[in-house]
Protein chains: 2
Amino acid sequence: MSIQARKEREKLEMRTLILKAAKDLFLVDGFEKTSIRNIAEKIEYSPGTIYQYFDDKDDIFLTIHIQAFDRLMALFNKVSDIANPFERLREIGKIYVEFALGNPEMYDLMFSMRAPMASLQAKKEEWGCGFEAFDFLKQTLQECIEQGLIRFQNTELATISIWAHVHGLVSLYIHERFQMLPPEQVSTIIHTCMDNMMELIKKE
Amino acid sequence: MSIQARKEREKLEMRTLILKAAKDLFLVDGFEKTSIRNIAEKIEYSPGTIYQYFDDKDDIFLTIHIQAFDRLMALFNKVSDIANPFERLREIGKIYVEFALGNPEMYDLMFSMRAPMASLQAKKEEWGCGFEAFDFLKQTLQECIEQGLIRFQNTELATISIWAHVHGLVSLYIHERFQMLPPEQVSTIIHTCMDNMMELIKKE
DNA sequence: AAATATAATGAACAGTGTTTAAAAATCCAA
DNA sequence: TTGGATTTTTAAACACTGTTCATTATATTT
């Protein structure tokens, strides 16, 4: 069964090759402006070959989408051992903002892109990492509430509210909607907003 | 000068006709999936004609964009006479959420769409309504701070923070990122989050 | 009515995602 | 090692896209 093993390995290598090329192009030119022909050209294969390894363009997106959530989740896990949930929350926020600002196109793919979410619905079983990240935040806030550290009673409400707040900040920034502010200050303003939010939700 | 006046009127009517068709299609199928040929077909003209009235697809988008902000601003003006700035803020929030949830595609065009923002930059002088809406919120928060009604010191920070919070909520909803929640509850959860936020920022 | 100016058209260009029949490469058994 | 079966890659084709432009049709002015 050695030759079959190699075949499967080669198939996987090809998939990885396509994914890497696609991701590079998505992050530079965006999802819409990246064509299958662009990806094919980059890996020096014909466009048709790509359809041997992926159903369609959305399938490529979906796979990258899942990988991105795995990456974010890996970053979150680095602070999972912080005992104080409020301090853990602060670090989660920092990681989230850093991730978003450092990978704006990827963040967009993860939290804003509209089109391919429908096809993601279909393959829901493959997609668990998104909920995982949400639950990680939720768990931390649960502990915050239990220890009476934040001005919230309902865990789910707190999770959504805080996530929405941070998402709103980075989302408006990424989509260039802070044009009424001095461009060089925007990045620091986001961090000030984060600190401010932490103070706002802190009990006492 | 009557015939020239009529010509100008006809030109404007044609522009309006194109804009209405484009808007209808944008809101149903989205910006990317709507083609110039679709718009042309809807108004029963050839695709080339559209380029007699608009520079390109982005130009059509930009015009609709401006009109949408005018509409939002008109809604805001309805509550401008509420004396208590905190209550005015509450109503602004309601209007904003209602507008976003009632016109999700249009909201997307206004606050999330990435591509055509670049060409908007170029025609910055025509675009004042966006800043107007931002300033309206800012003015209200300024009054809130002056009267010691909210737990904020900095007006600009408060404006960005609150805007981001609400934008985050409606944005995640519109982009279908609340799939971990029971679908039928999502809408009410957003409103609960809004009430919660108002309580959170309220002083005392 | 003829000349001029304006507006609408449809074909053309270069691009898109995707499908498919044919060609090339690989594998396996004789 | 060779020949047949399988798999993989390819290029062409299909139906689209935004945009441009020479031609045609319409309307206005002389």
Side-chain angles (χ1 to χ4, degrees), chain A residues 1-19 21-22 25-26 28-64 109 113-120 122, chain B residues 1-19 21-22 25-26 28-64 109 113-120 122:
Chain A
M1 293 291 156
S2 171
I3 82 107
Q4 196 179 345
R6 187 202 43 140
K7 284 227 164 182
E8 269 177 45
R9 198 179 59 231
E10 280 177 354
K11 193 131 201 162
L12 211 104
E13 275 169 12
M14 191 63 171
R15 271 182 69 94
T16 312
L17 188 72
I18 294 169
L19 283 174
L25 289 170
F26 284 171
V28 173
D29 305 326
F31 178 77
E32 304 281 358
K33 282 185 182 168
T34 300
S35 70
I36 297 289
R37 283 173 183 81
N38 294 154
I39 301 168
E41 199 178 359
K42 197 174 172 103
I43 61 169
E44 294 175 307
Y45 277 83
S46 71
T49 304
I50 289 171
Y51 288 86
Q52 204 105 31
Y53 297 90
F54 294 94
D55 292 347
D56 47 36
K57 205 183 167 186
D58 282 4
D59 189 25
I60 300 174
F61 164 82
L62 175 64
T63 311
I64 293 172
L109 252 56
M113 277 226 55
R114 223 172 171 193
M117 278 306 278
S119 66
L120 195 154
Chain B
M1 293 293 157
S2 170
I3 81 105
Q4 198 179 346
R6 185 201 44 135
K7 283 227 165 182
E8 270 177 43
R9 198 180 60 229
E10 281 177 353
K11 193 130 201 163
L12 211 105
E13 276 169 11
M14 191 64 169
R15 272 182 69 93
T16 312
L17 188 72
I18 294 169
L19 283 175
L25 290 170
F26 284 170
V28 173
D29 305 325
F31 178 77
E32 304 281 359
K33 282 184 181 168
T34 301
S35 69
I36 297 289
R37 282 175 182 79
N38 294 156
I39 302 168
E41 199 178 359
K42 197 175 172 100
I43 61 169
E44 295 175 306
Y45 277 83
S46 71
T49 304
I50 287 171
Y51 288 86
Q52 204 108 32
Y53 297 90
F54 293 94
D55 292 347
D56 48 35
K57 205 183 167 187
D58 282 4
D59 189 25
I60 300 174
F61 164 81
L62 176 63
T63 311
I64 292 172
L109 253 55
M113 276 225 57
R114 222 172 172 192
M117 279 305 277
S119 66
L120 195 154

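So you know, we letter chains A, B, ... as the sequences are listed, proteins then strands, and number each from 1.
- For A/Met14 and D/dT7, the CE to P distance is 17 Å, given to the nearest whole Å.
- Of all non-hydrogen atoms in B/Lys57 and B/Glu32, the two that sit nearest each other are NZ-O, 3.7 Å.
- When the P atom of D/dG18 is taken as reference, atom CZ of B/Phe54 falls 15 Å away, rounded to whole Å.
- Residues that satisfy the side chain to side chain contact (heavy atoms under 4.5 Å, CB included) test with B/Thr16, not counting sequence neighbours, are absent from this structure.
- Considering only heavy atoms from C-beta on, B/Phe31 comes within 4.5 Å of B/Asp58 through its side chain.
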Inset, instruction - Let me have a per-nucleotide readout for nucleotides 9-23 of chain C, 5' to 3', with B, S or -, counting only protein heavy atoms under 4.0 Å. - result: BB-B---BBBB----
Legend entry - Candidate pair A/Phe26 and A/Ile60, rule side chain to side chain contact (heavy atoms under 4.5 Å, CB included), full reasoning: CA-CA 10 Å; A/Phe26 284 171; A/Ile60 300 174; 4.3 Å; yes
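- Residues satisfying the side chain to side chain donor-acceptor pair (under 3.5 Å) test with B/Asp29, not counting sequence neighbours, are none.
- The CD1 atom of A/Ile18 sits 12 Å away from the C1' atom of D/dT8 (whole-angstrom rounding).
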Show the atom names and distances, to 0.1 Å, of all donor-acceptor pairs under 3.5 Å that link a side chain in residues 39-50 of chain B to residues at least two apart or in another chain.
{"residue": "B/Ser46", "atom": "OG", "partner": "B/Thr49", "partner atom": "OG1", "Å": "3.1"}
{"residue": "B/Thr49", "atom": "OG1", "partner": "B/Ser46", "partner atom": "O", "Å": "3.4"}

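- Rounding to whole angstrom units, CD1 of residue B/Ile39 and C1' of D/dG18 are separated by 11 Å.
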